[in-house]
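The structure under discussion appears below in the form of structure tokens.
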There are 2 protein chains.
Amino acid sequence: MARGFVTAEEVAKRAGVSRSAVSRTFTPGASVSQAVRRKVLKAARELGYRVNRLAQGLNNDRSNLIGVVGTNLSAPFISKQLDLLSIGLLRRGLQCLLLNAADARKDIAPLIELLFEFRAQAIVVLSGEPPSSIVDECIANGVRLILVNQRLDRTDTNMVLSDDSHGADLAALRLIAAKCQKVAVVSSASQTPAQVRRATAFTQRMQTAGVEVVAWSDGPTGYESGYQAGCEILRDKMIDGAFCVTDLLALGFLDAARIEMHRRVPEDVSVIGFDDIPQAGWKSYELTTIVQSLSTLTDNVLTALETDEPATRLQVVPVSMIERKTVR
Amino acid sequence: MARGFVTAEEVAKRAGVSRSAVSRTFTPGASVSQAVRRKVLKAARELGYRVNRLAQGLNNDRSNLIGVVGTNLSAPFISKQLDLLSIGLLRRGLQCLLLNAADARKDIAPLIELLFEFRAQAIVVLSGEPPSSIVDECIANGVRLILVNQRLDRTDTNMVLSDDSHGADLAALRLIAAKCQKVAVVSSASQTPAQVRRATAFTQRMQTAGVEVVAWSDGPTGYESGYQAGCEILRDKMIDGAFCVTDLLALGFLDAARIEMHRRVPEDVSVIGFDDIPQAGWKSYELTTIVQSLSTLTDNVLTALETDEPATRLQVVPVSMIERKTVR
DNA sequence: CAAAAAAATGCACACGTGCGCAATGATCTA
DNA sequence: TAGATCATTGCGCACGTGTGCATTTTTTTG
């Protein structure tokens with residue numbers, strides 16, 4: 001009826017006690033008698049009272065808000081990350097303030113400033129590189145900043161990332177073992193730091209082994225780009241292996257190889273991906289790929305979030321290879 | 001250095017003006033002279049001042065927070081929905097408070113109450129059915145509630161949903177046109193209202209056309225369930241068509257049909273899905289499916305969010321069929 | 001039962017902001 | 001130039017909560 005929420009004042013009046021009593025009833029560990037507590041709870045229930053967390057956050061310096069910034073929220077890998085992260089936050093009594101950086105692909109600084117305005121306790125960046133000035137500001141304001149799969153050249157920020165170069169190494173070694181003679185590295189035009197690390201580590205390892213490597217990168221990081229890559233790269237009949245820095249690229253590449261370019265996988269061409277998204281395990285693909293353990297990645301993020309004094313600034317999550325059926 | 005954020009008071013002192021002047025500088029349309037404005041902005045920049053939105057929300061009854069509740073955030077359909085929604089919210093200057101209902105699958109009431117505590121202006125429910133008492137409370141507190149793909153039997157809530165029964169009708173008619181003799185309806189154990197609507201509408205249409213229908217529903221709503229469904233259902237050699245109430249189910253069914261049960265699609269079996277997730281268009285599948293226009297769905301949600309007096313309580317988004325290659 | 005200890009309670013302040021109201025200063029009109 | 005109009009500015013209150021402090025009530029102790 002009356003628009004707006006009920007306040008502690010009104011509950012106090014109805015229960016016939018002071019407003020402090022109401023506040024204490026809803027504050028764990030505060031000193032209230034059973035009798036008063038009951039009266040307050042009764043009145044609160046009748047009026048539909050809810051503590052105002054925003055007002056709480058005013059004097060308690062803990063807002064309980066955690067900012068999450070990311071792009072490509074519908075991509076399988078990111079969305080799974082967000083799924084796990086939001087579950088973990090909720091379990092810890094923290095709220096997830098989600099900012100989609102799709103519009104601000106290049107500069108996520110305005111988004112982070114927005115989170116400042118909401119007094120976010122901490123900020124998790126799933127994609128996009130924050131400028132150095134923002135990092136300084138986070139530190140100055142006591143806001144913890146956690147960068148996922150992003151490596152900044154400073155030691156005063158939390159970073160959680162997968163062991164990209166080791167993963168690329170595993171892929172390279174496997175393709176060498178498959179006796180590939182000429183291979184492709186497929187990435188996208190966005191050239192994420194993680195993508196670059198994977199591509200360069202792979203290329204380096206292959207070249208030291210004396211295997212010729214051709215690099216391809218164009219378009220957004222998705223299935224279509226991988227498909228296009230496959231169509232273009234496989235015109236060269238000598239190509240007998242490919243490392244795609246992302247599973248989505250790999251799946252597109254696979255379809256191009258089999259359906260458009262009439263190659264048999266793994267007999268003619270071997271393909272390895274990276275991430276192990278659910279679709280990689282689907283029966284039509286059975287992609288051999290590098291596994292990032294999303295649960296440990298997320299656990300590390302959450303740990304970095306709640307620990308008081310961050311002992312380890314840089315956490316590298318180990319990766320492994322899961323062998324399915326796309327490598328000879 | 002000093003932990004915590006800078007306040008308007010400190011900016012005022014540094015700029016040599018009153019705190020009100022600072023407030024007015026950051027309030028659009030307030031009356032401030034150019035000279036003062038410049039001084040304030042300078043001081044604010046030097047100190048790294050950010051307006052505290054939580055404090056703003058205290059007297060302005062607009063918190064600018066929109067609660068979003070959902071499960072299965074990593075499922076392609078939901079994640080795309082969340083992607084679009086979060087972009088739209090940001091563009092409108094609204095913040096997205098995301099609550100993952102995975103842990104509270106059955107009862108999302110506690111989550112909505114949590115959103116009350118944060119004084120969310122509105123709440124968007126992507127999945128899960130809120131109890132009627134919560135709906136009442138939303139209305140009492142002036143919180144707009146928007147249910148997506150969920151139909152409640154009351155007229156005082158905003159609901160945006162796809163035209164499930166019409167979509168199921170389209171699927172049925174297409175399978176009849178393909179001269180199917182005995183078909184399956186595949187859904188999951190969760191039996192979402194949307195799933196039920198699709199399945200029953202389909203079954204009814206088929207039966208009036210004199211086509212035998214077998215129903216299957218088990219497991220979570222995902223690829224694996226669809227795969228299992230395919231393996232079990234196709235033991236019956238008479239089955240020559242299937243309607244899966246979700247694309248994920250359909251893709252699993254497809255793989256089971258082709259790879260495990262050695263059927264040709266569409267020659268032996270015709271398959272139709274629902275949702276048109278990105279994977280449905282991948283070359284290995286080319287699934288014929290019912291398209292929900294996610295952009296218009298999201299647009300309707302956003303409209304319902306910002307309009308002052310909700311004229312239309314129930315918005316049904318039209319669906320269509322996209323013909324690919326899985327129906328004869 | 002009296003004194004001491006403990007628990008419960010209310011008052012008042014603080015948190016950071018927006019805005020109404022009155023006072024001040026500047027600009028315009030005749 | 002005097003008066004009127006208008007933009008600018010500061011004061012103080014309100015938003016809803018947590019908590020220190022002093023006071024009152026209850027319980028424990030000897």
Side-chain angles (χ1 to χ4, degrees), chain A residues 2-41 43-44 47-65 114 116-121 141-142, chain B residues 2-41 43-44 47-65 114 116-121 141-142:
Chain A
R3 197 167 172 92
F5 282 85
V6 176
T7 80
E9 184 87 47
E10 306 176 47
V11 175
K13 198 192 296 183
R14 180 173 190 115
V17 297
S18 76
R19 194 187 56 74
S20 305
V22 178
S23 178
R24 281 188 242 269
T25 301
F26 291 98
T27 305
S31 166
V32 209
S33 69
Q34 283 298 330
V36 170
R37 164 174 237 103
R38 257 197 294 274
K39 281 196 291 185
V40 169
L41 287 178
L47 294 174
Y49 170 72
R50 312 276 170 202
V51 177
N52 185 334
R53 298 251 196 174
L54 304 183
Q56 266 186 178
L58 257 188
N59 35 9
N60 277 9
D61 57 354
R62 317 198 67 70
S63 66
N64 278 349
L65 291 175
L114 191 55
F116 284 159
E117 298 186 359
F118 277 93
R119 296 301 186 262
Q121 271 181 36
N141 290 325
Chain B
R3 200 169 168 87
F5 283 83
V6 177
T7 80
E9 183 87 49
E10 307 176 48
V11 176
K13 198 193 296 182
R14 179 173 189 114
V17 297
S18 76
R19 194 189 56 73
S20 305
V22 178
S23 177
R24 280 188 243 270
T25 301
F26 291 98
T27 305
S31 165
V32 210
S33 68
Q34 283 298 330
V36 171
R37 164 175 237 103
R38 258 196 293 274
K39 280 196 292 184
V40 169
L41 287 178
L47 294 174
Y49 170 72
R50 311 276 169 203
V51 177
N52 186 336
R53 299 251 198 174
L54 305 183
Q56 266 186 178
L58 257 189
N59 35 11
N60 276 11
D61 58 353
R62 317 197 70 70
S63 66
N64 278 349
L65 291 175
L114 191 55
F116 284 159
E117 299 186 357
F118 277 93
R119 296 301 186 262
Q121 271 181 35
N141 291 324

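In what follows, chains carry the letters A, B, and so on, assigned in the order in which the sequence lines appear, proteins first and then strands, with residues in each chain numbered from 1. Since the structure is predicted, the reported quantities are computational estimates derived from the model, not experimental observations.
Taking CG of A:L54 as the start and CG of A:N64 as the end, the distance is 11.0 Å to the nearest 0.5 Å. Atom CD of A:Q34 is separated from atom CG of A:L41 by 9.5 Å, given to the nearest 0.5 angstrom.
Per the geometry, CZ belonging to A:R50 stands 13 Å off P belonging to D:dT17, to the nearest Å. Summarising the geometry, the separation between CZ on B:F118 and P on D:dT17 is reported as 13 Å, rounded to the nearest angstrom. In this structure, the CG atom of A:N60 is 13 Å from the C1' atom of D:dG16, given to the nearest Å.
Cation-pi geometry between A:R50 and A:F5 is not met: the NZ or CZ atom fails to fall both under 6.0 Å from the ring centre and inside 45° of the normal.
Under a 3.5 Å cut-off, the side chain of A:N60 and the backbone N or O of A:R62 do not form any donor-acceptor pair. Although no hydrogens or angles enter the test, the distance criterion places a donor-acceptor pair under 3.5 Å between the side chain of A:S63 and the main chain of A:R119.
Rounded to 10 degrees, the angle between the two end axes of the helix from C:dC1-D:dG30 to C:dA30-D:dT1 is 30°, with five pairs used at each end.
Evaluation of the side chain to side chain donor-acceptor pair (under 3.5 Å) test over residues 7-18 of chain B, restricted to residues two or more places apart or in two chains, returns B:R14-B:E46.
Taking a cutoff of 4.0 Å between a charged side-chain nitrogen and a carboxylate oxygen, A:R53 and B:E117 qualify as a salt bridge.
Here the closest non-hydrogen pair linking B:A44 and B:V11 is N-CG1, 3.9 Å. Considering every non-hydrogen atom in both A:R24 and A:A30, the closest pair reads O-CB, 3.6 Å.
Backbone-only engagement by A:Y49 is indicated by non-hydrogen atom pairs under 4.0 Å involving sugar-phosphate atoms exclusively. The residue B:T27 sits close only to the backbone: its heavy atoms come under 4.0 Å of sugar-phosphate atoms, none of a base.
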Strictly under 3.5 Å: I want the nitrogen or oxygen pairs between protein and nucleotides 8-15 of chain D, one per line.
unit_1	atom_1	unit_2	atom_2	d
D:dT8	OP2	B:S31	OG	3.2
D:dT9	OP1	B:S33	OG	2.8
D:dT9	OP2	B:S33	N	3.0
D:dT9	OP2	B:S33	OG	3.4
D:dG10	OP2	B:S18	N	3.2
D:dG10	OP2	B:S18	OG	2.8
D:dG10	N7	B:R24	NH2	2.9
D:dG10	O6	B:R24	NH2	2.9
D:dC11	N4	B:S20	OG	2.9

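First and last contacting nucleotides of DNA chain C toward chain B (any atom under 4.0 angstrom from a heavy atom, 5' to 3' order): C:dG16 to C:dG20.
Partners of A:V51 by side-chain contact (heavy atoms from CB on, under 4.5 Å), not counting sequence neighbours, listed by chain and number: A:F26, A:Y49, A:Q56. Not a single side-chain hydrogen bond (donor to acceptor under 3.5 Å, both in side chains) links A:R37 to another residue, sequence neighbours left out.
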